[in-house]
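Here the structure comes first, spelled out in structure tokens, and everything after it is commentary.
Here the structure is a predicted model, which means the values were calculated and not measured. Start at 1 with the first residue, then count along the sequence.
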Amino acid sequence: MQIMQIHGKPFKIAIVLAIILVSSLILFVYSSIFTYRWISGNINVYPPLVWFADPGTPGVNVSLENQGTRASVIVNTPGLDIVLDKRNAIFYETFDTDPIGKNITVLSCNWNCRWVWDWWWGWRQVCSGWNWDPNRKALFITANTSTTYYGGECMVVANIDVSQYASMGRRIYVATLVLRSDFSSSGTYYFDAVYINTTLSRLYTIGYENVPQMARTGDSISSKVFYWASNTGWRSIARRSLGISNTTEYEYLSYIVSWIDFSSWYAYHWNETVINTGSIGSTYRFIPNRVGVGYITSTTSVTGTVYFDNLVVTVDAPPWFVNVTNVPRGWRVVLKNATGGIVSQAVASGDGVASLSVAPPLVDLTLYPNYRDGFIITNGVIEVYDDKGSLVVSRRFDYVVGGDVYRLNGFRGYVLRIDSEATRSFQAQLVLAQFVDCGSSYIYVYLVNTSYTSSTPIEIYRGIMFSQNTSIINMTRYINNVAGYIYADAYLPSQSRCSLLVEFRYSFSNWSTLGINTVNITFIGV
């Protein structure tokens, strides 16, 4: 049989085409079994029971996803340092240079020299009154000096007007160091802080009434608050015997601290604690315009010298404290003098404050003649140590002055808010899943509920994870659905960063039903 050729090709091609056509028909019939229809109806999407929100903390930028169950947070953290936040001293003077006529005004007992005849020495020059000692670097007054003004009180005052503070009912503090040489005659001597109105010639004195004893056996002293005016003379507001003490003994470093609260009109004398206080009656009230120090003696037949040093005047802040704020609980703050000696140290409390005492101890000047670390620390150094004893940061200041407030730069605050619509309490915990680039950082991350109960922290110490999770705390929805916060303490150098991936885990039935929200927190030193 002859085979048909189609364009020179065998007829087999036609058979193949027929098979493909039949297969297509079979597939068409098979596919027709499945059909598509439109189905109408409602799909309900329920919001999460617990979600994140922006706490509105300055320097914290929050981005939320998945209805707030995922968050990215950037925390701009001030670079690790110690800075002077506030100086509450309105006047301070070290007397390292002669201040008379510059920062200090002599109101009574000006320096005066005269020639006197002495049967042993012949004619000699005798000087008395206020002057400056370049060796001790202190103001001094000779012990036999007296005046016919101000009831016999010899006074120098700071060149600053305090009347604006007193008239507003503020508290005005005066603090100064006091030391004296041996006196050659018995008598009664008064060392004071003074508050005076130079126009009205009315004054308050707050300090010590001192009767020296034989040798260095302690002095008989009293604390006294007095008032004086030209028409009334001296009037006692408060007086208290303190017995025999070395407080004002010669060649011991002592001090006077006083304040008057011009809202309540109470006067106070302080020495490690309030040792005397008195209410200023309406008859004795006036607004002072100057404050300073004073001295008066019951006898002029005496030789000896009284020195005053490191005068500080503060408003509303005790001059015996220097506070360092923003410090993690358990960290230690140390204040050193110019030679590296420790003046004071304190451990930060839960509110982040370390309070350093700058009132001097009782110092025997025959052993330590140059000791002057009180109320003003020249070239002082503040050091901060972490809770494991490592030095975190150190900073030197020209003057550390009583009443100062310093701040450890870092971040302390809320980084996320936790909201809930649940009507009952739930348990919550943070777990650290990952951290990177944290080599020089101190990071503490907590949970805090609306009752201000805080968990233990996730802790990263200089790039080492010391704690991966917080403790479990209970949270309850409060006003505006707020149930709590994620809180952080972060300390890291400028131009460094630390990034955390944290899981927020919560449960309504002892972790049998668990929800997990995630947050990326990046701390950036700025």
Next on the checklist: Suppose the criterion is disulfide bond (SG atoms under 2.5 Å apart): which pairs have a residue in residues 437-508, not counting sequence neighbours?
Outcome noted: C438-C498
Item to check | Within-4.5 Å side-chain heavy-atom neighbours: N76 and N61 | outcome: yes
Checklist entry - Would you call L408 and T325 a side-chain contact if the rule is heavy atoms closer than 4.5 Å? => result no
Which atoms form the tightest heavy-atom contact between [X] and [Y], and what is the distance?
{"X": "T450", "Y": "G484", "value": "CG2-N, 4.0 Å"}
{"X": "S420", "Y": "A483", "value": "CB-CB, 4.3 Å"}
{"X": "L514", "Y": "S507", "value": "CD1-CB, 4.3 Å"}
{"X": "R372", "Y": "L365", "value": "NH1-CD2, 3.9 Å"}
{"X": "A175", "Y": "V257", "value": "CB-CG2, 3.9 Å"}
{"X": "S355", "Y": "A346", "value": "O-CB, 3.2 Å"}

So does [Y] get a backbone contact from the side chain of [X], meaning a donor-acceptor N/O pair under 3.5 Å?
{"X": "T77", "Y": "A490", "value": "no"}
{"X": "T176", "Y": "D309", "value": "yes"}
{"X": "S441", "Y": "I443", "value": "no"}

Checklist outcome for this item: side-chain contact (heavy atoms from CB on, under 4.5 Å) test vs Y204 passes for just one of I237, V225, V291, namely I237
Checklist outcome for this item: Only one of V60, D489, V526, L492 passes side-chain contact (heavy atoms from CB on, under 4.5 Å) with F411, and that residue is V60
Item to check | Stacked cation flag R136 on Y307, 6.0 angstrom / 45 deg | outcome: yes
Quick one: pull up [atom1] in [X] and [atom2] in [Y] and give me the separation to the nearest 0.5 Å.
{"X": "Y173", "Y": "D261", "atom1": "OH", "atom2": "CG", "result": "8.0 Å"}
{"X": "K102", "Y": "E93", "atom1": "NZ", "atom2": "CD", "result": "9.5 Å"}
{"X": "R240", "Y": "I221", "atom1": "CZ", "atom2": "CD1", "result": "10.5 Å"}
{"X": "K336", "Y": "I377", "atom1": "NZ", "atom2": "CD1", "result": "14.0 Å"}
{"X": "M155", "Y": "R290", "atom1": "CE", "atom2": "CZ", "result": "12.5 Å"}
{"X": "L432", "Y": "E503", "atom1": "CG", "atom2": "CD", "result": "9.5 Å"}

Checklist entry - What pairs meet the side chain to side chain donor-acceptor pair (under 3.5 Å) rule with one or both residues in residues 388-398, with sequence neighbours excluded? => result D81-R395, K388-E459, S390-Y461
Next on the checklist: Going by side chain to side chain donor-acceptor pair (under 3.5 Å), name the pairs with one or both residues in residues 423-439, residues two or more places apart or in two chains.
Outcome noted: S425-T476
Item to check | Stepwise ring-ring contact (aromatic ring centres under 6.0 Å, His included) test for Y195 and F286 | outcome: CA-CA 10 Å; Y195 299 72; F286 67 91; 8.9 Å; no
Next on the checklist: For K137, is there an ion pair with D96 - N to carboxylate O distance below 4.0 angstrom?
Outcome noted: no
Checklist entry - Any ion pair linking D386 and R332 (charged N to carboxylate O, less than 4.0 Å)? => result no
Checklist entry - Can you say whether the rings of Y268 and W259 are parallel (under 30°), tilted (30 to 60°) or perpendicular (over 60°)? => result parallel
Checklist entry - For the residue pair Y442 and W331, is the inter-centroid distance of their aromatic rings smaller than 6.0 Å? => result yes
Checklist entry - For the ring pair Y255 and F375, is the centre-to-centre distance below 6.0 Å? => result yes
Item to check | Results of ring-ring contact (aromatic ring centres under 6.0 Å, His included) for F523 - residues two or more places apart only | outcome: none
Checklist entry - Who pairs with F504 by ring-ring contact (aromatic ring centres under 6.0 Å, His included), at least two apart in sequence or on another chain? => result F52, Y506
Item to check | Working for salt bridge (charged side-chain N to carboxylate O under 4.0 Å, His left out), residues R329 and D351 | outcome: CA-CA 8 Å; R329 179 201 294 267; D351 61 0; over 6 Å; no
Next on the checklist: Before you tell me yes or no, could you show the steps for I206 and I260 under side chain to side chain contact (heavy atoms under 4.5 Å, CB included), namely the whole-Å CA-CA distance, both residues' side-chain angles and the distance that decides it to 0.1 Å?
Outcome noted: CA-CA 9 Å; I206 304 173; I260 298 177; 3.9 Å; yes
Checklist entry - Should Y252 and L362 be marked as a side chain to side chain contact (heavy atoms under 4.5 Å, CB included) after you check the CA-CA gap, both sets of side-chain angles, and the distance that decides it? => result CA-CA 7 Å; Y252 277 100; L362 186 65; 3.8 Å; yes
Checklist entry - According to the ring-ring contact (aromatic ring centres under 6.0 Å, His included) rule, which pairs have a member within residues 68-93, sequence neighbours left out? => result Y92-Y399
